[in-house]
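Structure first, commentary second.
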Amino acid sequence: MDKRPEKKEISDYVDALLYPEQNPFQTDIAKFEELMMMYSCAIKEVQTKLEVLNTDFSVRYKRNPIEFITSRIKRPASIALKLKSKNIPISVKSIKDNLNDVAGIRVICSFLDDIYAVAERLVRQDDITLIDAKDYIRHPKPNGYRSLHLIVDIPVFFADHTRDMRVEVQIRTIAMDFWASLDHQLKYKHDIKEPEEVTKALKKCADTIAQTDLDMQSIKNSIYGEEKQPSKKFEDNL
Ligand code: 0O2
């Protein structure tokens, strides 16, 4: 589905960009900031797990499956827009109850099978609960978007309590990431002269990129051999 915001929401978005200090959660700012702190700690926990996996893989397979990891906490204005688009009241309570992607981690892998190997190793850890998995690699979005999305819960130990926090992990190849970055830039550009042509061209690029990822995987298999491939159990279980 095209993720571009509806026309009626664009002015809201522009306002949010122009006046970021106008936090829509201003009336409950202490609670909002505490919740964001909790999400940011959850990101640290999951990111550390991913870094440990990468280090372990580098010893076992003599190469790193993860190229790099980025993370972000969704901005207050984007949180408010998402709640609004789902017709949910804009409040701090609504955030934890309804949104899965306030804490987001993006994992960029070298090869296709690395994506599933990393995902499998992450979700089978005892303290990780897999809430949902969407495989947009096997089932790309109509516009050509490809990525593996995992929604996980992780317990975070704070000074006087433990809370399960939700994190969205998007895992994709470098090529998929390149495509998604350009697509994301265009999402907020509403003065494109021939949008249908751009959509078609982007879809063509997505298909080319998908084929390139498959070709790169074959080259890797011929270099490292199939027996050195990490398990594909996660992929098969999805
Ligand atoms: P941002 O700026 O990344 O935060 P949900 O989030 O669960 O309510 P949905 O539709 O089930 O909604 O989520 P989905 O489609 O599984 O994943 C949403 C996120 O995936 C988006 O977050 C993007 O990060 C990414 N994504 C999904 N589709 C596309 C796409 O076509 N192009 C690009 N570039 N990214 C996509 P946000 O909140 O839209 O944005």
Side-chain angles (χ1 to χ4, degrees), residues 1-10 12-17 20 23-25 35-36 39-40 42-43 46-47 68-91 94-109 115 119 123 129-153 165-190 192 195-196 198-210 213 238:
M1 204 179 70
D2 192 347
K3 305 284 291 181
R4 283 158 221 244
E6 296 281 320
K7 277 253 177 331
K8 64 182 168 54
E9 289 182 36
I10 292 168
D12 298 345
Y13 192 82
V14 171
D15 279 353
L17 279 180
N23 186 327
F25 303 93
L35 185 59
M36 294 305 114
Y39 279 120
S40 123
I43 284 180
V46 176
Q47 182 149 351
F68 60 93
I69 301 171
T70 61
S71 67
R72 65 104 180 88
I73 295 286
K74 215 173 179 65
R75 294 207 335 271
S78 304
I79 294 175
L81 265 185
K82 192 143 198 175
L83 290 172
K84 192 177 162 202
S85 72
K86 291 173 180 260
N87 277 325
I88 295 166
I90 297 175
S91 71
S94 302
I95 300 173
K96 191 155 190 310
D97 292 349
N98 297 285
L99 299 187
N100 291 327
D101 67 339
V102 177
I105 297 189
R106 196 163 283 157
V107 185
I108 311 304
C109 291
I115 294 175
V123 302
T129 307
L130 179 65
I131 304 297
D132 194 16
K134 288 186 197 162
D135 190 345
Y136 294 124
I137 299 171
R138 279 186 162 180
H139 309 287
K141 291 200 167 185
N143 62 353
Y145 177 76
R146 285 174 170 81
S147 195
L148 179 66
H149 290 193
L150 307 176
I151 306 291
V152 299
D153 274 356
M165 298 302 299
R166 191 149 293 181
V167 178
E168 185 193 59
V169 185
Q170 298 182 350
I171 317 180
R172 51 174 77 145
T173 61
I174 303 163
M176 291 172 195
D177 192 51
F178 175 42
W179 184 93
S181 303
L182 179 60
D183 180 66
H184 191 262
Q185 281 172 39
L186 297 178
K187 188 165 134 180
Y188 299 115
K189 248 193 138 320
H190 293 275
I192 298 172
E196 286 82 16
V198 171
T199 304
K200 242 193 257 168
L202 264 177
K203 173 70 173 62
K204 196 169 161 231
C205 282
D207 294 343
T208 307
I209 278 170
D213 271 335
L238 267 180

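Just so you know, these numbers use all the heavy atoms, side chains as well, and skip hydrogens, waters and symmetry mates. The first residue in the sequence is number 1, and the count goes up from there. All values derive from a computational prediction rather than experimental measurement. When a ligand or atom number is given, it counts from 1 through the structure's own listing order.
If you look at Lys134 next to ligand 1, the close heavy atoms, those under 4.0 Å, all belong to the side chain. Here Arg75 has no heavy atoms under 4.0 Å from ligand 1, in either its backbone or its side chain.
Counting atoms of ligand 1 from 1 in the listed order, those under 4.0 Å from a heavy atom of Lys86 are 8 (O). In summary, the atoms of ligand 1 found under 4.0 Å from a heavy atom of Ala180, numbered by their order in the structure, are 34 (N). Distances below 4.0 Å separate heavy atoms of Asp101 from the following atoms of ligand 1: 6 (O), 38 (O). Distances below 4.0 Å separate heavy atoms of Lys82 from the following atoms of ligand 1: 5 (P), 6 (O), 8 (O), 38 (O). Each of the atoms 2 (O), 34 (N) of ligand 1 lies under 4.0 Å from some heavy atom of His184. Within ligand 1, the atoms closer than 4.0 Å to a non-hydrogen atom of Asn143 are 30 (C), 31 (O), numbered from 1 in the order shown.
Using a 30° and 60° split on the angle between ring planes, Tyr136 and His149 fall in the perpendicular class, above 60°.
Look at Gln185 and you'll find every heavy atom at least 4.0 Å from all atoms of ligand 1.
Looking at Ser181, its side chain does come within 3.5 Å of a backbone N or O of Asp177 through a donor-acceptor pair. Distance alone, capped at 3.5 Å, places no donor-acceptor pair between the Arg146 side chain and the Lys141 backbone.
Looking at heavy atoms from C-beta onward, Ile151 lies in side-chain contact with Glu168 at the 4.5 angstrom threshold. Taking the side chain as every heavy atom from C-beta outward, Gln170 and Leu148 never approach each other to under 4.5 Å. Using a 4.5 Å heavy-atom threshold, the side chains of Leu83 and Pro89 count as separate.
Between Asp101 and Lys82 there is a salt bridge, since a side-chain N of the basic residue sits under 4.0 Å from a carboxylate O of the acidic one.
One option in Arg146, Arg72, Glu168, Gln170 has a heavy atom closer to atom 21 (C) of ligand 1 than any other, and that option is Gln170.
The OG1 atom of Thr70 sits 9.0 Å away from the CD1 atom of Ile105 when rounded to the nearest 0.5 Å.
Checking only distances, Tyr136 does come within under 3.5 Å of ligand 1, N or O to N or O.
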